[in-house]
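Naming convention: chains lettered A, B, ... in sequence-line order (proteins, then strands); numbering from 1 in each chain.
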Amino acid sequence: MRAISRLFSISYSKPPSCSYTSLASTSSSSIPADSSSLLNDFANFCHNRDLPRAMQALEAMERHKLWADAITYSELIKCCLARGAVREGKRVHKHIFSNEYDPKTFLINSMLNMYVKFNLLEEAQILFEEMPERNVVSWTTMISAYSSSKLTEKALNLLKLMLRNGVMPNMFTYSSVLRACERLSDLKQLHSSITKVGLESDVFVRSALIDIYSKLGELQEAFNVFNEMLTGDSVVWNSIIGAFAQHSDGDEALYLYKSMRRAGFPSDQSTLTSALRACTSLSMLELGRQVHVHVLKFEQDLILNNALLDMYSKCGSLEDAKSIFNRMAGKDVISWSTMIAGLAQNGFSKEALNLFESMKTLGPKPNHITLVGVLFACSHAGLVNEGLYYFRSMKNLYGIDPGREHYGCILDLLGRAGRLDDAVKLINEMKCEPDVVTWRTLLDACSVHRNVDLAKFAAKEILKLDPQDTGAYVLLSNIYANSKRWDDVAKVRRSMRARGVRKEPGCSWIEVNKYIHAFISRDKSHPQIHEINRQLNQLISRLISAGYVPDTNFVLQDLEEEQGEASLKYHSEKLAIVFGIMNYPREKTIRIGKNLRICGDCHLFAKLAAKLEQRHIVIRDPIRYHHFQDGFCSCA
DNA sequence: GTAGGGTTAG
C-alpha cells in the first residue's frame with residue numbers, strides 16, 4: 001500500500017507523458033510507467049474501497065485522458081454506494097459519460113442502481129431515458145425503484161412498456177413489481193403471467209406473491225400459493241407465518257411456526273417476531289416465554305425486542321415488559337410507545353404518564369401513536385384535565401394533528417366522567433369524519449350513564465355506517481334491558497333477525513400446559529365441561545353467601561329472572577376462570593383472553609372470585625386489561 | 001448490474 005501511494009504522489013503531479021490514444025495503440029509492454037501505474041493504482045484504490053484516493057486518481061486520469069475498464073468503474077460505483085457518497089457518484093457519472101469513453105450497458109445499469117439506492121429518482125429516470133440500450137436489468141431497476149417508492153402506476157406502466165419493447169421480465173422484475181400491487185385485479189393478472197412463464201417456483205416470486213395477497217386481505221389465496229410450494233426457503237415460510245400473525249390468526253401462525261421447525265428451516269428474527277405476535281394475539285404467555293429463549297440469540301434486534309416488549313405487556317406481565325424495556329440498548333419511538341400503552345392498558349396510568357415525561361427528555365420524539373397511549377392513560381385513570389391538556393397541546397408541542405384515535409380517547413374520557421354533552425360537542429368539532437369506533441365510544445358512555453335517547457342516536461349512526469354491526473345491536477338492547485324496556489329489546493332483536501345479524505358468541509380462552517382451552521357460553525364440547533360446571537355452581541353458591549348478586553341487566557334476552565341468571569352463569573369467562581382455578585396452583589396468575597368486552601356481571605364475579613379464592617386473575621378483553629386481586633380491578 | 005419476510009393504537 002505504501003509503495004502504491006508513493007508512486008501515486010510522485011508520478012501524477014507531473015504533466016502527462018503519453019495520451020490515451022498512444023496507450024490504446026501500443027502494446028501493454030510499452031505503456032509508459034506512470035500511465036500504467038496510474039491505472040493500476042486506480043484499480044487498487046477501487047478494489048480496496050479507498051474512495052478519496054480513487055477520486056484523486058480519477059481526476060488525474062482525466063487530465064491524462066486515460067480510461068479504466070468497466071469492472072473497475074463498477075467497483076468504484078459500489079464504493080460510492082457503500083459510503084453514501086452522492087457527490088462522488090455524480091462525478092463518476094460525468095467521467096464515464098465523457099465523449100471519449102463509451103460505457104457498456106451494464107455499467108450504466110450500475111449508475112442507475114446507484115441513483116435508485118440514493119433515492120434520486122429523477123436522476124435515475126433521466127439516465128434511464130438517455131440510455132442507448134436498455135436490457136432486462138435496466139427495466140427491472142427502474143420498476144423496482146417505482147415499486148419501493150409506492151409509485152404503483154409508474155411501476156405497472158413501465159412493465160407494460162417493457163413488454164411492448166420486447167424485453168422479457170424475469171423473476172427479479174416480477175418480485176419487484178408485485179410489491180406495487182394495490183388492486184386485486186392487477187395482482188391476478190400478474191399472477192397468471194407468472195404462472196404462464198413458469199416463474200412461480202422462484203422463491204423470491206413466491207414470497208412476494210404470498211406477501212401481497214396477504215396485504216390485500218386475500219389470506220386464503222396467500223395460503224394456496226404457499227401450499228403449492230415445491231421449492232421453498234425460510235423467507236417463504238416467514239412470509240406465510242407473518243401473514244397469519246398479522247391477520248390475528250395466531251393459531252395458524254403458531255402451527256406453521258412449528259411445522260417450519262419440523263421441516264428443518266431455522267427460525268430467524270422475522271420468524272420469531274411473527275411467532276411472538278401470534279402469542280400476543282392469543283395471550284399465550286407461557287409459549288411466549290419459550291419463544292423468548294430463542295430470541296436471546298438475536299439480542300440486539302430492535303424489532304424483535306419491541307415485539308417481545310409488546311408480548312409481555314399484552315399478556316399482562318408488566319414485570320417482564322419493564323425489565324426488557326430497561327435492558328434494551330437502543331429504544332426507538334415504537335419501544336417507548338409500546339411501553340407507555342402497555343402500562344396504560346394494564347391500569348398503571350400514572351406510571352405511563354411518568355414514562356412519557358421521561359421520554360420527552362431522554363427518548364425520541366413522540367409520534368401520533370405515542371399520544372394515543374398517553375391519552376388512553378388519562379382516560380383510564382379519569383384524569384380529565386390532564387387528558388384535555390395533552391390533547392390540546394398535541395399540535396403545538398409535537399406538531400401532531402389529532403386523529404380519530406385521539407378523539408376517541410377524549411370521548412372516552414368525557415364519557416366516563418359523565419360529560420355526555422361535551423362528548424357530543426367534541427364529535428361535532430372533529431376535523432375528521434366520525435367512524436364506527438367513534439360512535440361506539442359514545443354508545444359505551446351512554447350505556448354506563450344510562451342515557452337511553454343518546455344511546456339510540458349513537459346506535460343509529462353506527463348502523464348507518466355498518467348495518468351488520470353486532471356490537472351496536474347488543475349494546476342498545478342491553479341499554480333497553482337495563483331500563484326494563486322489553487318491547488324495545490324485542491324490536492332490536494327483530495331488526496337483527498331481519499338484517500341477518502347474529503350476535504358473535506362470546507369466547508374466552510386460557511392457556512393450560514401449552515394448550516389453549518377455549519370456552520363459548522353454553523358450549524358443551526370441552527371434555528371436562530361437567531366438572532367445570534359443577535365447580536362453577538359451587539363457586540357461585542359460595543360467592544352468593546359472601547354477598548354476590550348476579551346482575552341480570554347484562555342478559556340480552558327478555559327472560560324470566562331465573563332463566564336470566566342461568567344464561568349469565570355460563571358466560572365464557574366464568575367457565576375459563578373456573579377452569580383456571582382447577583388447573584393452576586394458587587400462586588400462579590390466571591390469565592384469560594376474550595373476544596368481546598367483559599360484561600358487568602362477569603366483572604363483578606371475577607372481582608369477588610379473586611378475593612374469595614385468593615387468586616390473581618387477569619382478563620384481557622379487546623381493549624384493555626383487568627387485573628383482579630383482593631376484590632379490586634385495575635380498570636377502576 | 002436488478003428481487004423477498006418482522007414491531008407500536010381504538
Side-chain angles (χ1 to χ4, degrees), chain A residues 70-71 73-74 77-78 81 104-114 116-117 135-145 147-148 169-179 199 202-212 214 233-243 245-246 267-277 280 298 301-311 313-314 332-342 344-345 366-376 379 403-409 411-412 435-438 440-441 444 622-624:
Chain A
I71 304 273
Y73 285 131
S74 94
I77 292 168
K78 269 191 224 159
L81 248 178
K104 294 197 167 60
T105 303
F106 104 88
L107 189 53
I108 307 180
N109 284 342
S110 288
M111 300 280 332
L112 199 59
N113 180 44
M114 180 190 74
V116 168
K117 294 277 155 66
N135 63 15
V136 58
V137 177
S138 333
W139 288 96
T140 303
T141 304
M142 278 318 287
I143 290 174
S144 165
S147 277
S148 28
N170 62 13
M171 56 275 251
F172 289 83
T173 324
Y174 280 118
S175 59
S176 301
V177 78
L178 280 171
R179 273 189 307 156
L199 282 174
D202 179 79
V203 286
F204 282 80
V205 173
R206 195 184 293 280
S207 60
L209 276 170
I210 294 174
D211 193 46
I212 196 69
S214 154
D233 66 358
S234 51
V235 178
V236 175
W237 279 96
N238 287 345
S239 303
I240 193 66
I241 295 173
Q246 282 153 32
S267 44
D268 62 10
Q269 290 97 315
S270 168
T271 331
L272 294 172
T273 305
S274 297
L276 283 173
R277 185 165 168 163
T280 309
F298 307 104
D301 193 289
L302 180 61
I303 298 180
L304 194 42
N305 273 311
N306 284 344
L308 202 55
L309 187 60
D310 190 45
M311 187 275 289
S313 44
K314 288 231 172 65
D332 66 357
V333 65
I334 297 185
S335 327
W336 287 86
S337 306
T338 307
M339 194 67 236
I340 290 171
Q345 288 163 333
N367 67 12
H368 66 290
I369 297 181
T370 322
L371 265 297
V372 174
V374 171
L375 297 179
F376 188 81
S379 86
R404 277 199 202 95
E405 296 83 0
H406 306 103
Y407 279 107
C409 291
L411 275 178
D412 190 56
D435 67 352
V436 173
V437 181
T438 313
R440 195 177 300 141
T441 308
D444 271 339
I623 297 180
R624 59 171 63 79

Report summary line: Here the distance between atom P of B:dA9 and atom CG of A:Asn367, to the nearest Å, is 11 Å
Query raised in the report: Can a donor-acceptor pair under 3.5 Å be found between the side-chain atoms of A:Ser207 and the base atoms of B:dG4?
Result: yes
Query raised in the report: Which nucleotide in the list B:dT8, B:dA3, B:dG4 gets nearest to the side chain of A:Val236?
Result: B:dG4
Requested in this report: Scan A:Ile240 against the nucleic acid and name what it touches under 4.0 Å (heavy atoms): base, sugar-phosphate only, or nothing.
Outcome: nothing
Query raised in the report: Can you check the A:Leu304 CG to B:dG6 C1' distance for me, whole Å?
Result: 8 Å
Requested in this report: Among the candidates B:dT8, B:dT7, B:dA3, find the nucleotide nearest to the side-chain atoms of A:Met171.
Outcome: B:dA3
Query raised in the report: Tell me: CD of A:Gln345 to C1' of B:dA9, nearest whole Å?
Result: 8 Å
**Report entry** Distance-only polar pair, side chains of A:Asp332 and A:Asn306, donor-acceptor under 3.5 Å
**Finding:** yes
**Report entry** OP1 or OP2 of B:dT8 under 4.0 Å from side-chain N/O of A:Asn306
**Finding:** no
Query - Out of B:dA3, B:dG10, B:dT2, whichever nucleotide has its closest atom nearest the side chain of A:Ser175 - result: B:dA3
Query raised in the report: With a non-hydrogen cut-off below 4.0 angstrom, is A:Ser74 in contact with a base, only sugar-phosphate, or nothing?
Result: nothing
Query raised in the report: Looking at the side chain of A:Val137, which of B:dG4, B:dT2, B:dT8 is the nearest nucleotide?
Result: B:dT2
Requested in this report: Determine: side-chain N/O of A:Arg277 to OP1/OP2 of B:dT8, distance under 4.0 Å, yes or no.
Outcome: yes
Query raised in the report: To the nearest angstrom, how far is A:Ile77 atom CD1 from B:dT2 atom P?
Result: 11 Å
Query - Below 4.0 Å: OP1/OP2 of B:dA9 and any side-chain N or O of A:Lys314 - result: yes
Report task. Kindly point out which of B:dG10, B:dT8, B:dG4 is positioned nearest to the side chain of A:Asp435? Result -> B:dG10
Requested in this report: Just compare B:dG10, B:dG4, B:dG6 and give me whichever is closest to any side-chain atom of A:Glu405.
Outcome: B:dG10
**Report entry** Presence of donor-acceptor pair under 3.5 Å, side chain of A:Asp233 and base of B:dG4
**Finding:** yes
Query raised in the report: Under 3.5 Å, is there a donor-acceptor pair between the A:Ser176 and A:Ser147 side chains?
Result: no
Query raised in the report: Just checking, is any N or O donor in the side chain of A:Asp444 or A:Thr441 under 3.5 Å from an acceptor N or O on the other one?
Result: no
Query raised in the report: Has the side chain of A:Asn305 got a donor or acceptor atom that lies under 3.5 Å from a matching backbone atom of A:Asp301?
Result: yes
Report task. Just call it for A:Tyr174: base, sugar-phosphate, or nothing, with non-hydrogen atoms closer than 4.0 Å on any strand. Result -> nothing
**Report entry** Minimum-distance nucleotide to A:Thr273 side chain [options: B:dG6, B:dT2, B:dA3]
**Finding:** B:dG6
Query raised in the report: What is the distance from CG of A:Asp211 to C1' of B:dA3, rounded to the nearest Å?
Result: 12 Å
Requested in this report: Please work out if A:Val116 contacts a base, only the sugar-phosphate, or nothing of the nucleic acid, heavy-atom cut-off 4.0 Å.
Outcome: nothing
Report task. In whole angstrom, give the distance that lies between atom NZ of A:Lys78 and atom C1' of B:dT2. Result -> 13 Å
Query raised in the report: B:dG6, B:dT2, B:dA9: which one has an atom nearest the side-chain heavy atoms of A:Ile303?
Result: B:dG6
Query raised in the report: Just checking, is any N or O donor in the side chain of A:Ser214 or A:Asp211 under 3.5 Å from an acceptor N or O on the other one?
Result: no
Query raised in the report: Residues in ring pair (Phe, Tyr, Trp, His ring centres under 6.0 Å) with A:Tyr407, at least two apart?
Result: A:Phe391
Query - Distance, rounded to the nearest Å, where A:Leu199 contributes CG and B:dT2 contributes C1' - result: 14 Å
Report task. Give the nucleotide from the list B:dG6, B:dA3, B:dA9 with an atom nearest to the side chain of A:Gln269. Result -> B:dG6
Report summary line: When rounded to whole Å, the CH2 to P distance for the pair A:Trp336 and B:dA9 reads 18 Å
Query raised in the report: Looking across every strand, which nucleic acid part, if any, lies under 4.0 Å from A:Lys104 by heavy atom: base, sugar-phosphate, or nothing?
Result: nothing
Query raised in the report: At under 4.0 Å, does any side-chain N or O of A:Arg179 touch on OP1 or OP2 of B:dA3?
Result: no
Requested in this report: Name all residues meeting the salt bridge (Lys or Arg N to Asp or Glu O under 4.0 Å) criterion together with A:Asp268; count only those two or more places apart in sequence or in a different chain, and write none if there are none.
Outcome: none
Requested in this report: Identify whether any heavy atom of A:Asn305 sits under 4.0 Å from a base atom; if not, whether one sits that close to sugar-phosphate; answer base, sugar-phosphate or nothing.
Outcome: nothing
Report task. Just call it for A:Asp202: base, sugar-phosphate, or nothing, with non-hydrogen atoms closer than 4.0 Å on any strand. Result -> base
